[in-house]
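So the structure is just underneath, and the comments pick up after that.
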Amino acid sequence: MTDQTITSVSREHRVFRPSAEFKAQANLGSESTYKRLYSESVNSPEKFWDRMAKEHLVWRKPYKKVLNWKPPHAEWFVGGKLNVAENCLDRHLGTARENKAALIFEGEPGDVRTITYKQLHFHVCRLAQIFQNMGIGKGDRVAIYMPMIPEAVMAMLACARVGAIHTVIFGGFSPEALKDRINDCQAKLVITADGGWRRGKVIELKANVDRAVEGTPSVHTMMVVKRCGNPVTMVEGRDVWWREAWEGAPNYHEAKAFDAEHPLFILYTSGSTGKPKGVLHTSAGYLLGCKMTSQYVFDLKENDRYFCSADIGWITGHSYVVYGLLSNGATIFMYEGAPNQPEPDRFWQMIDRHGITILYTAPTAIRAFMRWGDNFVLRHRLDSLRLLGSVGEPINPEAWMWYHKMIGKKRCPIVDTWWQTETGGIMISPLPGVTPTKPGSATKPFFGVAAKVVDDQGKEVPRNTGGKLVLTQPWPSMLRTLWGDDDRFKRQYFSEFPKHPDYYFTGDGARQDEDGYFWIVGRIDDVLNVSGHRIGTAEVESALVSHPAVAEAAAVGRPDELKGQALVVFVSLKAGHTASDELKEALRNHVGKEIGSLAKPDTIRFAAALPKTRSGKIMRRILKDIAAGATVKGDTSTLEDFSVVASLQSEE
Ligand code: WT7
């Protein structure tokens with residue numbers, strides 16, 4: 001992603017083979033089996049996915065057709081019916097898993113709860129009944145704005161159970177961002193909590209929702225979980241405490257079956273232009289993708305205790321906290337708070353305390369752990385761990401090696417998993433019992449994933465040449481459309497190569513090495529990846545220009561050791577406003593208010609003018625060089641006024 005990463009990655013030649021011991025116990029431990037299955041999965045996809053859908057999912061009504069592909073629209077398992085919540089819960093009842101922990105939760109203050117499959121089923125059934133009594137059913141949208149607590153998982157599954165479409169909104173988003181998302185999907189019900197714990201403080205979620213729903217006429221009910229006990233205002237007739245809604249609700253709920261293509265959830269994510277996109281995932285294909293990848297990539301075993309540090313507000317939380325793991329009957333460990341609360345060894349302490357066997361986290365977190373120092377790790381044994389995962393951005397080889405040695409004690413395979421909100425599940429990743437790993441490479445495609453690196457025309461480039469990463473065949477867990485904007489869906493993902501209207505464009509740059517391994521370089525569109533969070537430059541810019549002092553703004557990424565990319569904005573002011581540190585702070589807060597703290601710029605630079613082409617387009621490429629402190633490279637002949645660049649460079 002950063003220039004630094006690219007050069008250090010291109011010098012990386014170390015190879016780590018799976019140990020004989022790991023291989024022997026792996027769900028998939030033979031390279032020839034991987035090759036055979038992979039080749040079947042891309043050459044005869046319908047035959048392959050037919051077998052997988054029967055093996056992995058519980059159907060109420062068999063499908064008639066595996067795939068209906070009219071690019072860019074895919075329908076999988078046409079005519080089939082199932083219930084996603086039933087596939088995550090009911091299927092384990094009456095088996096040895098019934099009294100197994102589905103969820104082990106640790107709150108930031110240290111409170112621990114264990115919930116078995118039987119208990120989780122009970123809670124979800126009761127909540128499903130409550131939803132029905134509230135008039136929430138098939139196709140209705142439900143917004144979930146919650147801390148990482150078990151009730152968040154219950155809320156998602158109860159939606160799935162009644163066929164309602166959930167949209168989980170990360171607790172770090174501001175009331176303004178929350179309002180836009182609720183309005184975009186016209187949610188009727190919002191589920192929240194009084195607050196959530198973060199670094200010893202209460203994040204006031206209910207108060208944020210109160211502000212958001214002032215502008216959301218579609219919302220008629222708000223359910224509130226009591227988590228922190230902070231004071232909240234309950235509005236009569238609209239707001240109801242989770243606990244009170246529960247009293248007297250029947251705990252038996254017969255689930256209806258829904259179409260394989262019934263929408264399961266909408267998840268908003270940043271794109272290169274305009275407002276956030278509501279990525280739509282449907283039921284059977286999405287679940288199949290999550291279930292299979294969880295089983296094979298994490299090599300899930302009955303006794304595993306699996307910890308994914310992502311918040312359920314992101315796709316990683318959807319697929320690899322909730323759906324992929326519960327459908328496999330695994331035990332998930334869920335942590336509410338910050339990794340350095342009370343001290344930077346919180347993760348390692350919890351791993352020892354709960355006997356966690358699999359850890360799935362992000363490079364930005366790994367780099368923070370490195371910076372906090374080895375001593376925090378060395379206090380703990382970490383001998384329960386057997387597999388490590390990475391997701392969210394390219395992992396630099398230095399961080400990979402530290403993860404391997406310091407956390408994995410050279411014993412645990414690392415799976416560096418490349419995928420996106422849009423892909424629903426992991427697409428490129430090692431299989432831990434099969435694939436030799438190279439630090440910094442996501443290695444090889446998963447079953448059914450036809451990944452290619454192509455040039456601007458869509459023609460595959462030779463090995464070791466950079467290009468655009470595309471997926472040339474549909475896959476079951478792919479997004480189906482963007483909520484309410486099918487045109488944007490086509491434009492965004494299926495219009496990059498006019499000659500290949502069936503190629504899905506990922507927005508990422510990549511190269512394949514001589515062994516066919518994929519090395520992801522990072523986004524090549526106007527999307528930034530700051531600490532593994534996806535931020536659209538256009539969103540930040542439009543937040544900035546909505547401030548009365550700002551005439552124009554441009555946001556770019558700058559390589560950052562910790563965050564991967566840092567957010568730098570260039571701002572020119574309207575007449576009558578003067579640059580000052582106070583104004584910088586005001587602008588940072590303004591972006592925080594419009595989007596959320598995660599989008600607050602790291603650096604704000606005032607500029608008399610921004611570099612533009614003669615047709616008035618801001619030349620971000622130049623600003624990127626300036627932000628990185630590099631000399632401006634490339635062609636500047638299209639610049640309208642070079643003195644703008646000269647003056648920007650002479651500052652700072
Ligand atoms: C973008 C997707 C996938 C869940 C979390 C992020 C980058 C993600 C990797 C990886 C290199 C990665 C890509 C991708 N990315 N994982 N292992 N190696 N880059 O989901 O917010 O939809 O972002 O994250 O640039 O396009 P997301």
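Counting starts at 1 for both ligands and their atoms, following the listed order.
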From the candidates Trp314, Phe518, Tyr320, Trp419, the one that places a heavy atom nearest atom 3 (C) of ligand 1: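 Nearest heavy atom to atom 3 (C) of ligand 1 lies in Trp419.
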Side chain to side chain donor-acceptor pair (under 3.5 Å) partners for Arg621, two or more places apart: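 Testing Arg621 for side chain to side chain donor-acceptor pair (under 3.5 Å), a comparison that skips the adjacent residues, returns none.
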Backbone or side chain, does any N or O of [X] fall under 3.5 Å from an N or O of ligand 1?
X	value
Asp416	yes
Ile315	no
Ser390	no

Within a radius of less than 6.0 Å around NZ of Lys444, do more than 12 heavy atoms belonging to other residues, nucleotides or ligands occur?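 Yes, because the 6.0 Å sphere around NZ of Lys444 holds more than 12 heavy atoms from other groups.
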More than 12 foreign heavy atoms under 6.0 Å from NZ of Lys35: is that the case here?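 No, NZ of Lys35 has 12 or fewer neighbouring heavy atoms, counting only those of other groups under 6.0 Å.
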Could you see which bit of [X] sits under 4.0 Å from ligand 1, with heavy atoms only: side chain, backbone, both or neither?
X	result
Thr421	both
Thr423	neither
Gln420	both

I'd like to know if the side chain of Thr435 reaches the main chain of Thr437, judged simply by a donor and an acceptor atom lying under 3.5 Å from each other, with no hydrogens or angles considered.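 Checked: no pair found.
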Whether Ser477 side chain and Tyr286 backbone form a donor-acceptor pair below 3.5 Å: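 It does not hold such a pair.
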Holding to salt bridge (Lys or Arg N to Asp or Glu O under 4.0 Å), I want the full list of residues that pass it with Asp515, two or more places apart in sequence or in another chain.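 Partners of Asp515 by the salt bridge (Lys or Arg N to Asp or Glu O under 4.0 Å) criterion, ordered by chain and then number, come out as Lys438.
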Under 4.0 Å from a heavy atom of [X]: give me the atoms of ligand 1 that qualify, with their elements.
X	value
Thr417	9 (C), 10 (C), 16 (N), 17 (N)
Pro394	11 (C), 18 (N), 19 (N)
Thr316	4 (C), 5 (C)
Asn529	7 (C), 24 (O)

Quick check: Tyr335 with Phe105 (ring centres under 6.0 Å apart)?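 They do not qualify: ring centres at least 6.0 Å apart.
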If you look at every heavy atom in Leu387 and Phe298, which pair is closest and at what distance?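 Here Leu387 and Phe298 meet closest at CD2-O, 3.2 Å.
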Out of curiosity, is Ala442 lining ligand 1, as in a heavy atom under 4.0 Å away?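 No.
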